[in-house]
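Accompanying notes for the structure given below.
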Amino acid sequence: MQEILDKVDQLKKEIQDTPLSTSEELEKYRIRYLGTKGLVKELMSEMKNVSKEMKKDFGAKLNEFKIFAETKYEEYKGISSTGKESAKEDIDYSLPGFPSETGSRHPIQIVMNKMISIFEKIGFTVTEGPEIEDDWHNFNALNLPENHPARDMQDTFYISKNPDWLLRTHTSSVQVRVMKEGKLPIRQIFPGRVYRNETVSARAHCFFHQIEGLYIDEKVSFADLKQTLYYFVKEMFGADVKVRFRPSYFPFTEPSAEMDVSCFICGSKGCNVCKHTGWVEILGCGMVHPNVLTNCGIDAEKYTGFAWGMGVERTAMMQYGITDIRVLSENDTRFLDQFKNVV
Ligand code: DAH
């Protein structure tokens, strides 16, 4: 028994001193220590001759030896195939690393960022408001009292816990919050997500994004509104794009208008995107209604202002030739990967 343990120690030393630098040496090593007739097996077979009391200690000792012999073999296995001395020498540091997958910016965010930076250049700052709103900020303050027929223009998701709470139907609610703060003049934009209870289809979704703008100061006129939005369109879509204003109705502005740009998908010849009219509506706008100013504590005799609200999805769809709005919220990486190098 002691004899075998001495042998184990002696073999350990021998293993330590065995050079393994070629595949032949490695194979010899494998056969001598780890092969089916190797020394590890041979020692293991001694187990049957060991007394019951000694079995545990003896087994542990042999196991340790087995692992010792195997570890050396594993360490050198990869190296010997090239006959090199050390594993480190086997690494080619000039090889490029494994590429790591990076994400991409979402097309909605790309378009929003572009819109925001255009307005930032002319002094607008960005403020965000809550997506869960109360009825007053979303409707009442914006000159839409209860039972006002224009409330039907936007089908609303109400929150069942409290019928006064809703998912904002437009970013115009942030106008109200900023005006209420009372710091004038105001020159701000409000990007964000909005919700409407609409049937989801290729053209409509129950949530989408808007950027709202608000400019309030003394002597602000409709001419200022037009120039601001002309500037935006040229920066966003290019100098060749034509613009037209159509009279419209929004309870929170008077007068109100909608702005169209000439369809740059078909060059105004007529296509599905412009519904064969040559024009695409991109925003609603107008002079802030005096009732709204008053509701928010602003002196409507002294101050005037303009506001607009535009959809981001439609612009993104035009810009990238997207024909189904649903792909913008499905997070299919085959779609998103196409925006990898866009900033
Ligand atoms: N809130 C309107 C909508 O979601 C868009 C809008 C129209 C915003 C006119 C405005 C505005 O600020 O002046 O349809």
Side-chain angles (χ1 to χ4, degrees), residues 111-112 114-127 141-144 150 153 170-191 210-264 268 274 277-312 314-315 318:
V111 170
M112 277 228 279
K114 186 171 175 193
M115 289 173 161
I116 290 168
S117 73
I118 292 171
F119 286 110
E120 278 178 338
K121 273 193 221 157
I122 54 168
F124 282 81
T125 55
V126 177
T127 299
L142 289 163
N143 206 24
L144 274 149
M153 281 161 73
H170 51 187
T171 41
S172 305
S173 54
V174 193
Q175 280 190 31
V176 177
R177 291 187 172 270
V178 170
M179 282 192 273
K180 280 284 283 176
E181 277 174 18
K183 284 191 212 108
L184 292 160
I186 297 166
R187 200 195 287 145
Q188 294 192 23
I189 50 174
F190 319 117
Q210 291 186 328
I211 295 188
E212 186 88 10
L214 180 67
Y215 185 20
I216 301 203
D217 202 347
E218 292 177 39
K219 303 195 181 78
V220 176
S221 71
F222 202 89
D224 298 322
L225 159 67
K226 285 174 84 174
Q227 281 311 317
T228 305
L229 295 178
Y230 282 157
Y231 154 79
F232 167 74
V233 168
K234 303 285 168 204
E235 292 282 314
M236 186 77 200
F237 302 112
D240 298 334
V241 173
K242 293 197 189 64
V243 180
R244 76 176 184 188
F245 282 86
R246 282 177 293 103
S248 185
Y249 170 76
F250 298 102
F252 28 89
T253 42
E254 180 59 37
S256 303
E258 277 168 303
M259 194 175 88
D260 301 340
V261 292
S262 53
C263 183
F264 57 80
S268 292
C274 63
T277 61
W279 295 95
V280 183
E281 183 212 315
I282 62 157
L283 58 86
C285 60
M287 301 304 293
V288 179
H289 197 292
N291 288 355
V292 175
L293 294 173
T294 310
N295 288 343
C296 299
I298 292 176
D299 181 354
E301 295 290 325
K302 188 168 170 205
Y303 290 97
T304 50
F306 65 80
W308 76 90
M310 56 196 180
V312 181
R314 188 168 308 170
T315 311
M318 280 214 288

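Of the possible polar contacts, one joining the Y231 side chain to the I118 backbone as a donor-acceptor pair under 3.5 Å is found. Side-chain atoms of S262 do not come within 3.5 Å of backbone N or O of W279 as any donor-acceptor pair. A distance-only check finds no donor-acceptor pair linking the side chain of E258 to the backbone of S248 [under 3.5 Å]. Of the possible polar contacts, none joining the S256 side chain to the Y249 backbone as a donor-acceptor pair under 3.5 Å is found. In this structure, the side chain of T315 engages the main chain of G311 through a donor-acceptor pair within 3.5 Å.
In this structure, the ring of H170 has its center less than 6.0 angstrom from the ring center of F252. Annotation: F124 is in aromatic contact with W308 [ring centroid separation under 6.0 Å].
The closest side-chain heavy-atom distance from P191 to V126 is below 4.5 Å. The shortest side-chain heavy-atom distance between R246 and M259 does not fall under the 4.5 Å cut-off. Between T125 and E120 the shortest side-chain heavy-atom distance does not fall below 4.5 Å. Taking the side chain as every heavy atom from C-beta outward, V312 and I211 approach each other to under 4.5 Å. K226 is not listed as a side-chain neighbour of V243, based on a closest heavy-atom distance of 4.5 Å or more. The shortest side-chain heavy-atom distance between M115 and F232 falls under the 4.5 Å cut-off. Residues N291 and E254 form no side-chain contact, since every pair of their non-hydrogen atoms from C-beta on lies 4.5 Å or further apart. Looking at K242 and V261, their side chains never come closer than 4.5 Å, going by heavy atoms from C-beta outward.
One distance of note links OG1 of T304 with CD1 of I298; it measures 11.0 Å at 0.5 Å rounding. Taking CG of D240 as the start and NZ of K234 as the end, the distance is 7.5 Å to the nearest 0.5 Å. Annotation: the span from L283 atom CG to E212 atom CD amounts to 10.0 Å, rounded to 0.5 Å. Note that CG of L142 is 7.0 Å distant from SG of C296, once rounded to the nearest 0.5 Å. One distance of note links OH of Y303 with OG1 of T294; it measures 13.5 Å at 0.5 Å rounding. Separating the SG atom in C285 from the CE atom in M310 is a distance of 11.0 Å, to the nearest 0.5 Å.
Heavy atoms only, all atoms of each residue included: E281 and D260 are closest at CA-OD1, 3.2 Å. Between N295 and N143, the shortest heavy-atom distance links the atoms ND2-N, 4.2 Å.
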*For F264 and V280, what are the C-alpha separation, side-chain angles and deciding distance, and is it a side chain to side chain contact (heavy atoms under 4.5 Å, CB included)?*
CA-CA 9 Å; F264 57 80; V280 183; over 6 Å; no
*asked:* Evaluate M287 against T253 for side chain to side chain contact (heavy atoms under 4.5 Å, CB included), listing each step before the verdict.
replied: CA-CA 5 Å; M287 301 304 293; T253 42; 5.7 Å; no
*Checking side chain to side chain contact (heavy atoms under 4.5 Å, CB included) for the pair I282/R314: CA distance, chi angles, key distance, verdict?*
CA-CA 7 Å; I282 62 157; R314 188 168 308 170; 5.6 Å; no
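A salt bridge does not link E235 to K114: none of the charged side-chain nitrogens sits closer than 4.0 Å to a carboxylate oxygen.
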Can you give each donor-acceptor pair under 3.5 Å made by side-chain atoms of residues 214-223, sequence neighbours left out, with the distance rounded to 0.1 Å?
from	atom 1	to	atom 2	distance (Å)
S221	OG	A223	N	3.2
S221	OG	D224	N	3.4
S221	OG	D224	OD2	3.4

